[in-house]
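Chain letters run A, B, ... following the sequence lines, proteins first, then strands; residues in each count from 1.
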Number of protein chains: 2
Amino acid sequence: MTKSRVSIKDIARTAGVAHSTVSRALNNNPLISPETRARIQSLAEEMGYIPNAVAQSLQTRHSDTIGLVVASLSDPFFGDVIEGVDEVASEAGLSIFVTASHNDPERELEVIEMFHRRRVDGIIVAASRLSNHYTARLKRIRVPVVLVNHQAVEEQTLFASVAVDNHRGAWLAVNHLLALGHTQIGYLGLGNRQRSDQQRLAGYQDALAGAKLPLPVQYVLIIPADVVQASGDVEAGRIYFPQLLATGVTAIFCYNDRVAVGALLACHQQGIAVPKVCSLVGFDDIDMAQYITPPLTTIRQPRRTMGQRAMRMVLDLLNEQEVENQLIAPELVCRESTRRCVKRDMSNVIRNSYREELCHQK
Amino acid sequence: MTKSRVSIKDIARTAGVAHSTVSRALNNNPLISPETRARIQSLAEEMGYIPNAVAQSLQTRHSDTIGLVVASLSDPFFGDVIEGVDEVASEAGLSIFVTASHNDPERELEVIEMFHRRRVDGIIVAASRLSNHYTARLKRIRVPVVLVNHQAVEEQTLFASVAVDNHRGAWLAVNHLLALGHTQIGYLGLGNRQRSDQQRLAGYQDALAGAKLPLPVQYVLIIPADVVQASGDVEAGRIYFPQLLATGVTAIFCYNDRVAVGALLACHQQGIAVPKVCSLVGFDDIDMAQYITPPLTTIRQPRRTMGQRAMRMVLDLLNEQEVENQLIAPELVCRESTRRCVKRDMSNVIRNSYREELCHQK
DNA sequence: TTGTAAGCGTTATCAG
DNA sequence: CTGATAACGCTTACAA
């Protein structure tokens, strides 16, 4: 930690007072005389005194720290969440411990217990994978925990949470497509995102049902969890997109922007024109979405805001205030990857678009 | 921090031993008899004992934590760095405090002092803006500090560092362009990145000098710092690119990928074909670089590795080992945004490419 | 092998 | 207003 730092006692000694007096002076305790306070404070400054937060924590029984677990640190999605948390935590004078769970529930639990050992004042978990399986060990945690976009269904009652309204987002996406005249709309889902995938699927289905449209089973394609884990979202989307397109859909709602980027890649490679042959909608509105060609219509999650909200929730919990779970409304961002449906002869789609692409390249 | 936790003394009491015995048993001290150790350990487990890391830190005088400051948490660049740091820190059993400096040297210093108060064992600063101006206050810090891609020139001696070789990267980029036959090559720089911008510019100039090519002043365009701060890298690139292209260059080396993305955007908007009319090279190899159209030739910075190295350096420093500053070699990633130079009549470039783009679109 | 006691750097409760 | 003194929860000589 450090060698020979100057402590409150050292100051006391050279000032010829008791160390408790120094403590009071430094904390602007009103009981202290203005003169001694000034004297002590400038002395402390001179001597290069830096308070020991560890000792303070031990005594005051709070550490002014919180623990933050995210599924992945390299994923920009969580970067935004972290930023939001950091903003309000810094404002409140709290420091943040951060680490990645890599989507491993076991590791997630270990991390939480580590935070507990460090006596953090609160814990935020983004994309939690914890299920009821762990509740026993979790019950021990005497600290406010709030979940951001949790993946397990059962935790709602145990912990506070803020989550995007996946159902609503999917509903918005599909209705946008319906408004453009599409009637054959597919869903390209991700099997390793249990909860959110189910919710987006449900939103998709409800939107279709609302339009009284039939829903052939082959219009829904959930990419197997192991494939996604192994190849990543983009690659998974690229590989599975053709299979879904072949069912005859004219538009596809993708689980997220990365899957949509993968689909777009497949289109570029195989000469399929987007949105002419197939409209594409993503989810999240990651940075890339607006810069790729064509720019992606997507459902925006206000990630920074979600981080802020989660942190405020922790703060409220620390103040013994009641909090209620928050469902964040996502928002449709309309760009060029979607457009009016054009009736087309399915048998020629691929061939035609291939021709287009060839001329396109030269 | 927490209410009524079970402590080592509670265990001692119910076990009928001294609390020091419990401490030893729990720490697998060899002096303890196997029986009592087992008894104590299982008792601790039953009672739900969780060691208090704060108290341990106070006693052992090290906290097993490090502080990490990055310029921005929402920038994926730093996400990768953080991930690298997290990997080796977790491995070594250290927890990470993280926060953003928002490129503000004053804030950066405050954060460092806060980390100091928390008695972290080491500090890593990514994209540090600290200059000699602050050395006085910095000297107090008794803790290993390592800088990642620091922007101030003078700190090298005060702190250890790992940084990408900007000069080399620029040199690689420009030589790639030269090899493709380009002789009129521009540099689109960023005025708010003092150090790295200068280094990349120097690498660019040296490469050109090495090829014995003239270097008209107008081929170098550094975007003013205030514009970049206000609009962001992408937008800055988009706005300033046309001005540089108008000087007659056939290829442009951009400060980073985001600037290059901005340039690409300008091209799409104005119907300028890339790489046909103008080749583009970026720097960093951010995620987006490979997915935009055309994919970006760029200079890859191994960000995660840099995070890992920085963390290992901290570990070495903690072991009293000597470390030396590391200059990381970046690597050319060749993609479709660059290609052989085509001699062209400058007066028609814009008009021609416009025509191309129109046919392109339909 | 175990217990006793001191101390890490603070804050907090008493007296004075 | 200020000074002793006792915690906070733990590790670690030093004794027994």
Side-chain angles (χ1 to χ4, degrees), chain A residues 1-41 43-44 47-65 116-121 142, chain B residues 1-41 43-44 47-65 114 116-121 142-143:
Chain A
M1 205 147 77
T2 179
K3 335 266 168 187
S4 57
R5 281 243 129 275
V6 18
S7 82
I8 215 178
K9 284 187 183 172
D10 300 320
I11 301 179
R13 199 172 311 121
T14 85
V17 297
H19 73 279
S20 51
T21 303
V22 176
S23 173
R24 284 190 273 254
L26 262 21
N27 291 326
N28 291 316
N29 186 315
L31 301 177
I32 217 84
S33 88
E35 303 84 51
T36 44
R37 168 178 338 185
R39 190 163 61 91
I40 301 288
Q41 286 188 347
L43 186 55
M47 298 178 64
Y49 171 71
I50 293 187
N52 184 331
V54 173
Q56 289 175 324
S57 296
L58 185 58
Q59 168 68 349
T60 63
R61 313 180 65 87
H62 59 87
S63 60
D64 292 340
T65 61
H116 200 193
R117 293 222 331 260
R118 296 209 180 274
R119 296 303 191 261
V120 298
D121 294 338
R142 293 281 186 195
Chain B
M1 205 146 78
T2 179
K3 334 269 169 188
S4 57
R5 283 242 128 275
V6 18
S7 82
I8 215 178
K9 285 188 182 171
D10 299 321
I11 301 179
R13 198 174 311 120
T14 86
V17 298
H19 71 280
S20 53
T21 303
V22 176
S23 172
R24 285 190 271 254
L26 262 21
N27 291 326
N28 290 316
N29 186 315
L31 301 177
I32 218 82
S33 88
E35 302 84 52
T36 44
R37 170 180 334 185
R39 191 164 59 91
I40 301 289
Q41 286 187 347
L43 185 56
M47 298 177 66
Y49 170 71
I50 293 187
N52 184 331
V54 174
Q56 288 175 322
S57 296
L58 186 57
Q59 168 64 269
T60 63
R61 314 178 68 87
H62 59 86
S63 60
D64 292 341
T65 62
M114 153 69 84
H116 200 193
R117 291 222 332 261
R118 297 210 180 274
R119 296 301 190 263
V120 299
D121 294 337
R142 292 285 185 190
V143 155

Can you check side-chain contact (heavy atoms from CB on, under 4.5 Å) on A:Val54 and B:Arg118, steps first, answer last? CA-CA 6 Å; A:Val54 173; B:Arg118 297 210 180 274; 6.0 Å; no
For DNA chain C, what residues of residues 25-36 of chain B have any heavy atom nearer than 4.0 Å? B:Leu31, B:Ile32, B:Ser33, B:Thr36
Under the rule for side chain to side chain donor-acceptor pair (under 3.5 Å), what residues qualify as partners of A:Thr65, not counting sequence neighbours? A:Ser63
Show every salt bridge (Lys or Arg N to Asp or Glu O under 4.0 Å) that has at least one partner inside residues 12-30 of chain A, sequence neighbours left out. A:Asp10-A:Arg13
Without decimals, in angstroms, what is the distance between B:Lys9 NZ and D:dA6 P? 13 Å
Rounded to whole Å, the CG-P distance (A:Asn52 to C:dC8) equals 12 Å
Using only atom types and a distance under 3.5 Å, with no angle test, would you say the side chain of A:Ser57 pairs donor to acceptor with the backbone of A:Ala53? yes
In whole angstroms, the gap separating P of D:dC8 from CD of A:Gln59 amounts to 9 Å
Where the side chain of A:Arg119 meets the backbone of A:His116, is there a donor-acceptor pair that is under 3.5 Å apart? yes
Determine: side-chain N/O of A:Ser23 to OP1/OP2 of C:dT11, distance under 4.0 Å, yes or no. yes
Check the pair B:Arg5, B:Asn52 against side-chain contact (heavy atoms from CB on, under 4.5 Å), reporting the backbone distance first and the verdict last. CA-CA 9 Å; B:Arg5 283 242 128 275; B:Asn52 184 331; over 6 Å; no
Separation of C:dT11 atom C1' from A:Asp64 atom CG, nearest Å, is 14 Å
Check: residues 25-39 of chain A side-chain donor-acceptor pairs under 3.5 Å, at least two apart:
residue : atom : partner : partner atom : Å
A:Asn27 : ND2  : A:Ser23 : O            : 3.1
A:Asn28 : OD1  : A:Gln41 : NE2          : 3.0
A:Asn29 : OD1  : A:Leu31 : N            : 2.8
A:Ser33 : OG   : A:Glu35 : OE1          : 3.4
A:Ser33 : OG   : A:Thr36 : N            : 3.3
A:Ser33 : OG   : A:Thr36 : OG1          : 2.7
A:Thr36 : OG1  : A:Ser33 : O            : 3.0
A:Arg37 : NH2  : A:Asn29 : O            : 3.4
A:Arg37 : NH2  : A:Ile32 : O            : 3.2
A:Arg39 : NH1  : A:Ala15 : O            : 3.4

Rounded distance in Å - CZ (B:Arg118) to C1' (C:dC8): 18 Å
If only atom types and distance count, is the side chain of B:Thr60 paired as donor or acceptor with the main-chain N or O of B:Gln56 below 3.5 Å? yes
Tell me if the side-chain of A:Gln56 makes a donor-acceptor pair with the base of C:dT10, cut-off 3.5 Å, by modelled atom types. no
Measuring from the side chain of B:Tyr49 (C-beta onward, heavy atoms only), which nucleotide among C:dG9, D:dC10, D:dC8 has the closest atom? D:dC10
B:Arg13 CZ to C:dG3 C1', in whole Å, measures 16 Å
Could you pull out the closest heavy-atom pair between A:Arg117 and B:Ile50, with the gap in Å? CG-CG2, 3.6 Å
Contacts of A:Arg37 and A:Ala55 projected onto DNA chain D by closest heavy atom; the upstream (5') one is A:Arg37
Under 4.0 Å, heavy atoms only, any strand: does B:Ser7 hit a base, just the sugar-phosphate, or nothing? sugar-phosphate
B:Arg61 atom CZ is separated from D:dA13 atom P, nearest whole Å, by 14 Å
Any donor-acceptor N/O pair, A:Asp121 side chain to A:His62 backbone, under 3.5 Å: no
Test for a donor-acceptor pair under 3.5 Å between the base of C:dT4 and the side chain of B:His19, counting only N and O atoms. no
Protein-nucleotide distance (B:Ile11, atom CD1; D:dT11, atom P), rounded to Å: 11 Å
Can you see if the side chain of A:Thr60 gets near the phosphate of C:dT11 - specifically, an N or O under 4.0 Å from OP1 or OP2? no
Which atoms of nucleotides 13-16 of chain C (N or O only) lie under 3.5 Å from a protein N or O atom, and what are those distances?
residue : atom : partner : partner atom : Å
C:dT13  : O4   : A:Arg24 : NH1          : 3.4

